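Notes to accompany the following structure.
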Amino acid sequence: MNTQNKKPLTILGIESSCDETAASVVHRNLDGTGTILSNIVLSQDAAHAPYGGVVPEIAARAHVTQMDNVVARALREASLDWDDIDAVAATAGPGLIGGVIVGLMTAKAIALVRGLPLIAVNHLEGHALTARLTAGVAFPYLLLLVSGGHTQLQIVEGVGRYRRLGTTIDDALGEAFDKTAKLLGLGFPGGAAVERAAATGNPNRFALPRPLLGRQDCNFSFSGLKTALRNAAHGLGSLSEPDIADLCAGFQSAAADCIEDRARRAMDAFREHHPDHATPVIVVAGGVAANATVRATLERLAGESGFTLHCPPQQLCTDNAAMIAWAGAEHLALGDTDSLDAMPRARWPLDPDAEPAPGAGVKA
Ligand code: KG4
Ligand code: ZN
């Protein structure tokens, strides 16, 4: 059944795949635009900070403790009742499986009790479709997803239709930022702290590598950069504040160069696949999209390459449930729902037909 354009849809979204417990209510209007009615995100940063990274068991337990509360708040802030909700969407993967189970089971319980359709959403699709919620970006477009868990270039062809151009063959970029922060004693999560420290640093003091630069594919690698940074830091012995600033600036500049080179290649690939597209768009999403150097690099590249850069507002680039509700709404509008048997998945590639990236430890 195709329900498109027959009635507005009101969707409850639930997100719990990493360390944010989130719920949101989103309206999909008759003209296909979206309105966020509430967007509750409870960060667990403080619980994980002492360990320098997300501890899956702590995350799952915190989701259990907070989820009901967060869902109730999302409804309250939207000034809606259960009778107003048309469907419930939850992240079913990829992510930390304990957390995914908590969110998906909550959604299934709501769907069962309220007799509502369930949509089991791919978290990456949530990121991928956000630009349609915030700016109505039309298919197809190029997506650069740069988060703590993923670094991918995709062509978003349609709802549920993705062509992966590249992925990281080792660390995600956000993860590399976080490991840099940890090494330099800047806390967790450390991307923003690295950016702050880099502001006063000299990016050219240390000769850091730009892995995979110039390669014909669109894959990323940050492990060699991370190792080179560690060696440079260890070579200095004790680190002064200017040392830390220079190391952060060097790391950030190398990361931006990698992003520029890989995104340029992806723009070429997009044009090969869509030679007649007159106004191509590149969307950047994920927590690292907050980084001003990364954004400025992409802005310049897009300008040079005839692309328009679109970056959703920061609170919708990082993990949230509005993007999950919206992805659910896009599927529901196409009559596409899931059964209560939908499985939580630790791994769930957006493009199942994509060739595996080379190397071990691929997180696609
Ligand atoms: O998308 P996100 O909120 O969660 C994941 O799905 O991973 O991304 C979080 C990541 C973290 O690795 C964090 O350090 C990074 O985004 N991040 C940044 C900045 N703000 C957040 N990285 C670089 N510069 C920033 N300003
Ligand atoms: Zn994410």
Side-chain angles (χ1 to χ4, degrees), residues 13-22 24 39 41-45 48-49 52-54 56 59 90-96 99-100 103 121-131 143-152 154 167-168 171-184 186-199 201 220 222 225-226 229 248-249 251-256 258-259 283-298 311-324 326-327 346-348 350 363-364:
I14 291 175
E15 158 61 33
S16 58
S17 64
C18 191
D19 60 341
E20 269 91 24
T21 313
S24 164
N39 186 19
V41 182
L42 215 69
S43 164
Q44 303 172 2
D45 280 353
H48 301 288
V54 177
T91 297
L96 301 174
V100 173
V121 171
N122 183 315
H123 177 88
L124 303 178
E125 181 161 52
H127 282 300
L129 298 180
T130 301
L143 170 75
L144 170 66
L145 174 60
V146 273
S147 71
H150 297 277
T151 302
Q152 300 195 349
Q154 299 263 0
T167 186
T168 179
D171 290 349
L173 183 52
E175 188 181 2
F177 265 98
D178 290 339
K179 287 176 177 169
T180 297
K182 190 173 179 181
L183 174 78
L184 302 176
L186 298 176
F188 173 84
V194 170
E195 181 174 18
R196 271 194 303 278
F220 297 89
F222 296 106
L225 172 58
K226 181 187 65 186
L229 184 104
C248 287
F251 171 83
Q252 186 173 265
S253 154
C258 294
I259 292 278
V283 168
V284 56
V288 184
N291 187 284
T293 302
V294 169
R295 274 185 196 232
T297 302
L298 287 168
C311 186
Q314 188 49 32
Q315 73 275 19
L316 297 174
C317 270
T318 53
D319 285 352
N320 66 86
M323 70 180 190
I324 303 304
W326 176 252
R347 294 203 169 198
W348 185 0
L350 263 186
K363 295 179 180 172

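This structure is a prediction, so every number in the text was calculated from the model and none was measured. Atoms within a ligand are numbered from 1 in the order they appear, just like the ligands themselves. Throughout, residue positions are numbered sequentially from 1 according to the sequence presented.
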Start with the C-alpha gap between Val288 and Phe177, add the side-chain angles, then the distance that decides, and say whether side chain to side chain contact (heavy atoms under 4.5 Å, CB included) holds. CA-CA 9 Å; Val288 184; Phe177 265 98; 4.0 Å; yes
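The Gly149 neighbourhood of ligand 1 comprises atoms 7 (O), with distances under 4.0 Å to a heavy atom of that residue. For ligand 1, the atoms closer than 4.0 angstrom to any heavy atom of Gly148 are 5 (C), 7 (O), 8 (O), 9 (C), 10 (C), 12 (O). When each atom of ligand 1 is checked for a heavy atom of Gly174 under 4.0 Å away, the hits are 12 (O). Interface atoms of ligand 1 facing Glu195, defined by a heavy-atom separation under 4.0 Å, are 24 (N), 25 (C), 26 (N).
Note that the CD atom of Glu125 and the CG atom of Leu143 stand 11.0 Å from one another [nearest 0.5 Å]. Between atom CG of residue Leu145 and atom OG1 of residue Thr130 there is a gap of 9.5 Å, rounded to the nearest 0.5 Å. Rounding to the nearest 0.5 Å gives a distance of 10.5 Å between CZ of Phe222 and CD of Glu175.
For ligand 1, the polar-atom distance check against Phe177 finds no nitrogen or oxygen pair separated by under 3.5 Å. For the pair Asp178 and ligand 1, the shortest N or O to N or O distance falls below 3.5 Å. For ligand 1, the polar-atom distance check against Gly286 finds no nitrogen or oxygen pair separated by under 3.5 Å. Remark: ligand 1 and His123 share no N or O pair separated by less than 3.5 Å (distance only, no angle test). Considering both main-chain and side-chain atoms, Glu20 never comes within under 3.5 Å of ligand 1 through any nitrogen or oxygen pair. Of the polar atoms of Thr318, none of the N or O atoms is found under 3.5 Å from an N or O of ligand 1, judged by distance alone.
Vertex the Zn ion (ligand 2); arms to His123 NE2 and His127 NE2; angle rounded to 10 degrees, 90°.
Not a single heavy atom of Cys18 sits under 4.0 Å from any atom of ligand 1.
Between the choices Gly287, Ala176, Gly190, the shortest heavy-atom distance to atom 16 (O) of ligand 1 belongs to Gly287.
When all heavy atoms of Cys317 and Ala285 are compared, the closest pair comes out as SG-CA, 4.1 Å. When every heavy atom of Asp178 is checked against every heavy atom of Gly190, the shortest pair comes out as OD1-N, 2.9 Å. Of all heavy-atom pairs spanning Gly99 and Ser16, the tightest one is O-OG, 2.7 Å.
The backbone N or O of Thr151 sits nowhere less than 3.5 Å from a side-chain atom of Thr168 that would complete a donor-acceptor pair. Put simply, the side chain of Ser24 never gets that close to the backbone of Gly13: no donor and acceptor are under 3.5 Å apart.
For the side-chain contact (heavy atoms from CB on, under 4.5 Å) test with Thr167, the passing option among His150, Gln154, Gln152 is Gln152; the others fail.
A side-chain donor-acceptor contact under 3.5 Å links Asn291 and Gln252.
Among protein heavy atoms, the minimum distance from atom 22 (N) of ligand 1 is reached at Gly191 CA, 3.4 Å. Scanning all protein heavy atoms for the shortest distance to atom 6 (O) of ligand 1 gives Asp319 OD2, 3.0 Å. Nearest protein heavy-atom contact of atom 24 (N) of ligand 1 is Asn291 ND2, 3.0 Å.
Asp319 contributes OD1 as its N, O or S atom closest to the Zn ion (ligand 2).
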